[in-house]
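The basis for the numbers below is simple: all heavy atoms, side chains too, and nothing from hydrogens, waters or symmetry mates.
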Amino acid sequence: MPAPNAANDDHLYEDAIDTTSKASAKTKRLLLDLLGRWHWVALGLIIGLLWSAYYLSKAPKRYSATATLLIKQNIATVINKDQVEEIDMRSTEGMNTVAERIRRFDLMERVGSRADVRNLSGLIQKQVDWTPDLLKEWLGRKKADPSKETPEEKAQAAKSVPEPAVLGGMIASWVTVSIRKGTRLLDISIQHQVPEVAKALADAVAREYLAEIASDRAEGRSNQSETLIKQSEEARSKLQAAESALATYNRALQLHGALDQQESEFSQLSRRYLPKHPRMIATTDTLTDLRSRFMAEFKIAMSSPADKEYWKTVQSEMENAEKDPDLALKTARQLLLARTGILKGETASQMSVFNSMLTRLEESNVNREGNESAAEISSFARNPGWAHWPQPRQVYTTGGMFGLACGALIALVLTRLDNKFRTVAQVEGETSLPVFAAISDIDIRLVDKAVRAKLRRNKDLRENPIQSNWDPRLLFRPGAATTTFAEMFRILRASVSLLGDESRRKVTLFSSALPGEGKSLVSSNFALAAAGQGRKTLLIDLDLRKPSLHKVFGFTRNENGAGVTELLASKASLEEAITTEVGTENLHVIFSGSRAPNPGELLNMKRLKELFVEVSEKYDLIVVDSAPLLAVPDTRVLVQLANNFCLVVRSNYVPKGAVARALELLGSSGTMPAGIVFNGYKETRRMISQNYSYGGYRMSRYGRPYQYGYGTYGAYGEDDRADDTDEILKRRRKNSSRRNKEMDDGENKS
């Protein structure tokens, strides 16, 4: 047993597939519509190629010259491990940094200030005049000829060289710096209209950059050397001062050492002898003498100018100790040892600093000698022998692709803005209804030609006088019935017959969204096609506001005395309202009759049902021509009584929104059409799209477009005072005169 949600999942899956298929079909229709406007794409391609040719004829040739720099790796870091390198030339970032430094504006400005650059002939590129030569001749402007430039003009051009800042900006727009992959080579390229100028500028930029880095490096070495020398001199001065101060204490230090030795000897003897012993007496005298001499030398050292500042800080301590000779000696010895220790440490420190400065100076000299330059010119620019730009193949390719893109964009915009139906695929895609038949725009000249050819081949055949008054687009008459136009209505007849049992689906109704879509001609030809099968057919004109079937068959409106108006108003019987002689067998017609004061009230549902039941018993097929759906509400009443409801959609005429609105109104009442009759297309040979081999379609030329707008559809049928009687009578007189002339010509020949 499936899970409870299995059915829902299946529905969701089916909905997803349906959505995907609809999106795919919509995309396919869009692509086919774009393909149908291929002429815009072709036009864009042609314009793009023409513009490319014009650009090649006008664009000046530009030449490219390239100077190459070799960027070296600084070797100072190999000797000095403590030095940190700012830019590593072994990295891509380092090479890109050098390339950007070459593009700097101040460097270009210095190039623009060079005398050799400013004196170049043809340095300033000439502006291109894109005006066509024919237009310039028409405007009276002379075409400039560079070969005829006078020396005065050349001198004036040389004087017109802009300031270095402006010229530097121009050179910056001409220069391109690129890195050769996998190398330390930089290519400095210049594009210019004059090949000699391009070569000179490329070399000038390379030389100016080398001069800049040489100057910067020399200045850096000078500053570094001066700093090292200054620091070494300071270390030397401090070392000499410390050594000089330490030298003043040498005698005191020697006596201090002797005093320590004598005190050690006196301590040893005191443990063996008595104070009155001769050795003890001699040792004591010697110790006393050494103490006196030490104090004398200490005082001399204290007064020495070499270390005078230090002893000022301890002067008070010595004065306090002099009251006691033993304390004074002890303090003197302590101060001496402390001061000499400090001086010895300072001497060692300054000696280390001084030696370090000497080492760095030596390394700087070695680096200067071993790395004279950080970059050098690998190759100078050569005089270009051919133009770098424009390249015809590239220009034509770019122009063609741009033209194709513009043409495709125009086609896409026109497709999106087009709100008319042009193909069968569009109708089926927008309405989701099948197309029963696609009726092409009927060419009256071809129909008349076929009729005349039939009459010429069959000498005994005479044109039916009633048929001669028909609208020329009624096709089921001798000659015209064999045309492809008539075959389209036979296809429509077959499509309708396949909707179901014809004995139970007798009422076929034709309507349209707007007036002028050809529903009357479609319903008339459909009725004639059905009658041609031997089926007893009744054609009813239920467009009571603006009827046209009487004009189609060559009758005046009130010629037969009674019609639908009188029949629905119970002023005439069915037999009185039916016109049996319309020019063909098996076809009877109920015309509209006289003008109805209020057509809406005549279309009573009960009376209409009785009428359809009555005629269904007498005829095999009932064809109804009704009013447009959006113009008046009459048809929405009639469609409920029809078995086969066909909506006529005219190609390149009715807006898609009008058809959608009509289907929306029908859907709200539950009476959707069984199918669509796509009418009035005109076949073209631009393409064969998804139109069931009918090709593309253009707008039909008969009838005026109805002014369509949401909310209002004009005063349909309200001002139909003229019943076209004069037009019908004029057609009859013309046809009668033509027949009489043909009869006279036949008698004269016999």
Side-chain angles (χ1 to χ4, degrees), residues 55-56 59-74 87 89-126 128 161-162 164-217 372-395 397-398:
Y55 176 82
L56 290 173
K61 294 182 178 180
R62 287 184 289 173
Y63 298 86
S64 179
T66 302
T68 304
L69 289 180
L70 172 61
I71 306 300
K72 297 181 178 180
Q73 175 67 31
N74 198 317
I87 302 175
M89 292 298 110
R90 292 169 295 185
S91 64
T92 305
E93 292 78 4
M95 296 296 291
N96 286 329
T97 302
V98 175
E100 291 301 324
R101 287 185 60 80
I102 295 176
R103 298 188 188 100
R104 293 190 341 268
F105 176 76
D106 55 342
L107 179 64
M108 298 302 152
E109 186 177 1
R110 289 198 300 272
V111 174
S113 63
R114 292 169 60 107
D116 58 337
V117 171
R118 299 182 67 83
N119 292 330
L120 289 173
S121 177
L123 176 62
I124 306 303
Q125 301 189 83
K126 296 182 179 179
V128 182
V161 177
V166 179
L167 183 57
M170 298 171 64
I171 296 174
S173 65
W174 303 336
V175 69
T176 302
V177 183
S178 58
I179 305 170
R180 293 192 191 179
K181 187 176 180 181
T183 68
R184 292 184 191 167
L185 296 177
L186 285 179
D187 291 331
I188 303 174
S189 302
I190 295 288
Q191 291 188 10
H192 199 274
Q193 296 176 3
V194 182
E196 294 79 7
V197 173
K199 175 184 180 302
L201 286 177
D203 291 340
V205 172
R207 288 193 174 99
E208 194 63 31
Y209 177 69
L210 291 180
E212 179 187 64
I213 60 176
S215 175
D216 292 344
R217 194 171 59 256
E372 288 299 330
S373 63
E376 65 180 25
I377 294 180
S378 176
S379 62
F380 287 102
R382 296 182 179 180
N383 197 352
W386 59 86
H388 174 76
W389 184 263
Q391 298 180 3
R393 178 180 297 178
Q394 186 174 354
V395 171
T397 300
T398 304

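- The closest donor-acceptor contact from the side chain of Arg118 to the backbone of Gly112 lies under 3.5 Å.
- Side-chain atoms of Arg104 come within 3.5 Å of backbone N or O of Arg101 as a donor-acceptor pair.
- Ala202 and Ala67 get closest at one heavy-atom pair: O-CB, 3.7 Å.
- A heavy-atom distance below 4.5 Å is not found between the side chains of Thr68 and Ile377.
- Note: Glu208 CD to Arg114 CZ = 5.5 Å, rounded to the nearest 0.5 Å.
- Two residues are said to be in side-chain contact when any heavy atoms from C-beta on lie closer than 4.5 Å; Ile213 and Leu210 meet this criterion.
- Taking 4.5 Å as the limit, some side-chain heavy atom of Arg207 sits within range of a side-chain heavy atom of Phe380.
- No more than 12 heavy atoms of other residues, nucleotides or ligands shown are found within 6.0 angstrom of CZ on Arg382.
- A donor-acceptor pair is defined here as one N or O able to donate and one able to accept, closer than 3.5 Å; such a pair exists between the side chain of Gln125 and the backbone of Gln193.
- Annotation for Tyr63 and Ala198: closest pair O-CB, 3.9 Å, computed over non-hydrogen atoms.
- Residues Thr66 and Thr176 are not in side-chain contact: their nearest non-hydrogen atoms beyond the backbone lie 4.5 Å or more apart.
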Before you tell me yes or no, could you show the steps for Leu70 and Thr183 under side-chain contact (heavy atoms from CB on, under 4.5 Å), namely the whole-Å CA-CA distance, both residues' side-chain angles and the distance that decides it to 0.1 Å?
CA-CA 9 Å; Leu70 172 61; Thr183 68; over 6 Å; no
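- Between Lys72 and Arg184 the shortest side-chain heavy-atom distance does not fall below 4.5 Å.
- Residue Val128 comes nearest to Pro60 through the heavy atom pair CG2-CD, 3.2 Å, listed as atom of the first residue, atom of the second, then distance.
- For the pair Phe105 and Gly169, the tightest heavy-atom approach, listed with the atom from each and the gap, is CE1-N, 3.6 Å.
- Taking 4.0 Å as the cut-off between side-chain N and carboxylate O, Glu196 and Lys199 do not count as a salt-bridged pair.
- Side chain of Thr398 to backbone of Val395: no donor-acceptor contact under 3.5 angstrom is found.
- For Asp187 (side chain) and Ser178 (main-chain N/O), no donor-acceptor pair under 3.5 Å exists by modelled atom type.
- Considering only heavy atoms from C-beta on, Leu69 comes within 4.5 Å of Ile102 through its side chain.
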Derivation of the side-chain contact (heavy atoms from CB on, under 4.5 Å) call for Leu123 and Leu201:
CA-CA 9 Å; Leu123 176 62; Leu201 286 177; 4.2 Å; yes
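- Summarising the geometry of Val194 relative to Gly122, their closest heavy-atom pair is CG2-O, 3.7 Å, with the distance given to 0.1 Å.
- The closest side-chain heavy-atom distance from Ser64 to Pro384 is not below 4.5 Å.
- Distance check: Lys181 NZ to Met95 CE gives 14.5 Å after rounding to the nearest 0.5 Å.
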Working note: Leu107 + Arg110, criterion side-chain contact (heavy atoms from CB on, under 4.5 Å); need CA distance, chi angles, decisive distance, verdict.
CA-CA 5 Å; Leu107 179 64; Arg110 289 198 300 272; 3.3 Å; yes
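- Between the NE2 atom of His192 and the CE atom of Met170 there is a distance of 7.0 Å, given to the nearest 0.5 Å.
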